[in-house]
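To start, the structure under review is shown below, and the notes come after it.
Everything numeric here is computed off the predicted structure, so don't read it as measured data. All chains are named by letter (A, B, ...) in the order of the sequence lines, taking the proteins before the strands, and each is independently numbered beginning at 1.
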2 protein chains.
Amino acid sequence: MNVMNDSPRRKELTRQAAQLFVQEGFDRTTVRMLAQEMGIKSGSLFHHFRDKQEILTAVIEEGTQNALVIAKAALEQCDNTAESRLQAMARAHLETLLTDRNAHVVALYEWRRLDPEARDHLSHLRDAYEALWEAVIDEALGAGLIHGDRFLVSRFVMGALNWTVRWYDPAGPRSPDDLAHELVAMITHRPA
Amino acid sequence: MNVMNDSPRRKELTRQAAQLFVQEGFDRTTVRMLAQEMGIKSGSLFHHFRDKQEILTAVIEEGTQNALVIAKAALEQCDNTAESRLQAMARAHLETLLTDRNAHVVALYEWRRLDPEARDHLSHLRDAYEALWEAVIDEALGAGLIHGDRFLVSRFVMGALNWTVRWYDPAGPRSPDDLAHELVAMITHRPA
DNA sequence: CGTTTACACTAGCGCTTGCTTGGTTGACCC
DNA sequence: GGGTCAACCAAGCAAGCGCTAGTGTAAACG
């Protein structure tokens, strides 16, 4: 009936779906709601996506891929010191949350709604992103910038950062750069 | 039709509901699934709870209230130094996650499914719990144990701790006490 | 020109959902 | 031993769900 390409039309529909998934949650978002948001009828939706699950997969894939690209770019541009790289990763993470918020909230909250195949496929992407973090944290440990268990420290840092979607207000006085500074200062124990 | 008491029967049913909510998510858990898990028929369920929403409220209320009690007890029992109190709170938080895991996972993941009235009621409970944390972090800041912005530090710490439900394996080699030590060491920059 | 392709539509099927209704059971009470 | 009451059940309703089938249409292609 349809194709699974990545046309610009499909990208736009995916973006709109992400918005609804954040507002309502995946399960409560009906195909009729999605269709209305997209300005088409519910039946037409299945020309672009095989089923509702595939929309969720598309949203999360898009968001994770962007995060990976942005993080890699940030690492390439920054100074080659452990502290700069740590800071660059933290800032990139927060900026991603700012510009691509919907997709990331969906990835965090609705991961469990993915069917096993999609989860398997996407977990490779996520692992690649987390591998970047672990490398940077390894450098920071090696440079004596931070101390402790490699596994635990990276989990704690990821937790602190991911939790920001719950409370961070982009319209507030704090910039992603501020937050990144403060976080790095906290774990390296140097003045912000 | 029924009452909204807190009978032991209702407590037990609430505990079983929490289990299912964790496995399937709130929206995907049907009243028929809940009833089967409880060993009754779906209609009988509405003798104990007004509607499905009220079950969710009961689960989250129970879990948050327990966390509050445990945290208060931990603070009363520990030494009166800033570091001990910080450690005690972290350990209490993780132990709660261990013993009462289901209810807390539900509180973290399904908070948005609450209707506005229930959310309003429960947010007071949660605020009371977070106030404990902020007080302890204030002490640590005052004692020079940690540095930085009061608001940001407490959010970062809460994030790191709450994120543990995603990866922490109670059957693994690390105890809640280990994790609490490691976290406090990370932010106070002292050897674990 | 006729054919194909992309995208949208209308209509509705088969099923599940949360919840209601009206009635039964058995333990306890004066 | 009649009355009370919490606890449960069988049956089913109205609404909503994901998804399909078949069709229309306008642009692109050979």
Side-chain angles (χ1 to χ4, degrees), chain A residues 1-60 106 110 112-119, chain B residues 1-60 106 110 112-119:
Chain A
M1 287 296 178
N2 59 352
V3 283
M4 298 181 295
N5 60 3
D6 40 18
S7 62
R9 179 85 176 114
R10 185 173 145 131
K11 269 232 161 73
E12 171 62 13
L13 296 180
T14 301
R15 214 186 49 79
Q16 289 176 305
Q19 163 91 18
L20 261 181
F21 287 163
V22 168
Q23 274 178 36
E24 307 288 331
F26 177 70
D27 289 321
R28 294 206 170 167
T29 304
T30 70
V31 293
R32 286 164 179 82
M33 291 163 66
L34 286 165
Q36 188 170 27
E37 185 82 6
M38 297 167 178
I40 57 179
K41 300 295 176 181
S42 70
S44 312
L45 208 155
F46 295 91
H47 173 74
H48 301 279
F49 303 93
R50 195 196 317 271
D51 52 25
K52 195 186 165 192
Q53 275 278 334
E54 199 183 84
I55 310 180
L56 179 60
T57 308
V59 167
I60 296 182
V106 171
E110 313 286 357
R112 287 146 16 109
R113 307 312 184 237
L114 291 167
D115 53 41
E117 319 139 33
R119 183 156 34 201
Chain B
M1 288 298 177
N2 60 351
V3 283
M4 298 181 295
N5 61 3
D6 40 19
S7 62
R9 180 80 178 119
R10 185 173 145 131
K11 270 231 162 73
E12 171 62 13
L13 296 181
T14 301
R15 214 186 48 78
Q16 289 177 305
Q19 164 92 18
L20 260 181
F21 287 163
V22 168
Q23 275 177 35
E24 308 287 332
F26 176 70
D27 288 321
R28 294 210 169 165
T29 305
T30 69
V31 293
R32 286 163 179 80
M33 291 163 66
L34 286 165
Q36 187 170 26
E37 184 82 5
M38 297 167 178
I40 57 179
K41 300 295 176 182
S42 70
S44 312
L45 210 155
F46 295 91
H47 173 75
H48 301 279
F49 303 93
R50 196 196 318 271
D51 53 25
K52 195 187 165 191
Q53 274 278 334
E54 200 183 83
I55 310 181
L56 179 60
T57 308
V59 168
I60 295 182
V106 171
E110 313 286 357
R112 288 145 15 108
R113 308 310 183 239
L114 291 167
D115 54 42
E117 318 140 35
R119 183 154 35 199

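- Between A:R10 and A:E54 a salt bridge is recorded (basic side-chain N to carboxylate O distance below 4.0 Å).
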Dump the pairs, protein N or O against N or O of nucleotides 16-18 of chain C, anything under 3.5 Å, distances to one decimal.
unit_1, atom_1, unit_2, atom_2, d
C:dG18, OP1, B:T29, O, 3.4
C:dG18, OP1, B:K52, NZ, 2.9
C:dG18, OP2, B:V31, N, 3.0
C:dG18, N7, B:R32, NH1, 3.0
C:dG18, O6, B:R32, NH2, 3.0

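- Residues that satisfy the salt bridge (charged side-chain N to carboxylate O under 4.0 Å, His left out) test with A:R9, not counting sequence neighbours, are absent from this structure.
- To the nearest angstrom, P of C:dC19 lies 11 Å from CD of B:E54.
- Closest heavy-atom contact between B:R28 and A:D27: NE-OD1, 3.0 Å.
- An OP1 or OP2 oxygen of D:dA7 is reached within less than 4.0 angstrom by no side-chain nitrogen or oxygen of B:S44.
- Contact between the side-chain N/O atoms of B:H47 and the OP1/OP2 oxygens of D:dA7 is found at a separation under 4.0 Å.
- In this structure, the CD atom of A:Q36 is 15 Å from the P atom of C:dA8, given to the nearest Å.
- Per the geometry, CD belonging to B:Q53 stands 8 Å off P belonging to C:dC19, to the nearest Å.
- At whole-Å resolution of the value, CZ in A:R10 and P in C:dA6 are 14 Å apart.
- Taking atom CG of residue B:L45 and atom P of nucleotide D:dC8, one finds them 10 Å apart after rounding to whole Å.
- Judged by the 6.0 Å distance and 45° axis criteria, B:K52 is positioned over the aromatic ring of B:F26.
- Distance CG (B:L13) to C1' (D:dA6): 13 Å, rounded to an integer number of Å.
- The two residues A:I55 and A:A17 have their closest heavy-atom pair at CG2-CB, 3.5 Å.
- Across every non-hydrogen atom of A:R112 and B:V22, the tightest pair is NH1-O, 2.9 Å.
- In this model, the phosphate group of D:dA6 is not approached by any side-chain N or O of B:H48 to a distance below 4.0 Å at OP1 or OP2.
- Every residue was checked against the salt bridge (charged side-chain N to carboxylate O under 4.0 Å, His left out) condition with B:E24, not counting sequence neighbours, and none meets it.
- For the pair A:E12 CD and C:dA6 P, the computed distance is 20 Å after rounding to whole Å.
- Put simply, NZ on A:K41 is 10 Å from C1' on C:dT10, counting in whole angstrom units.
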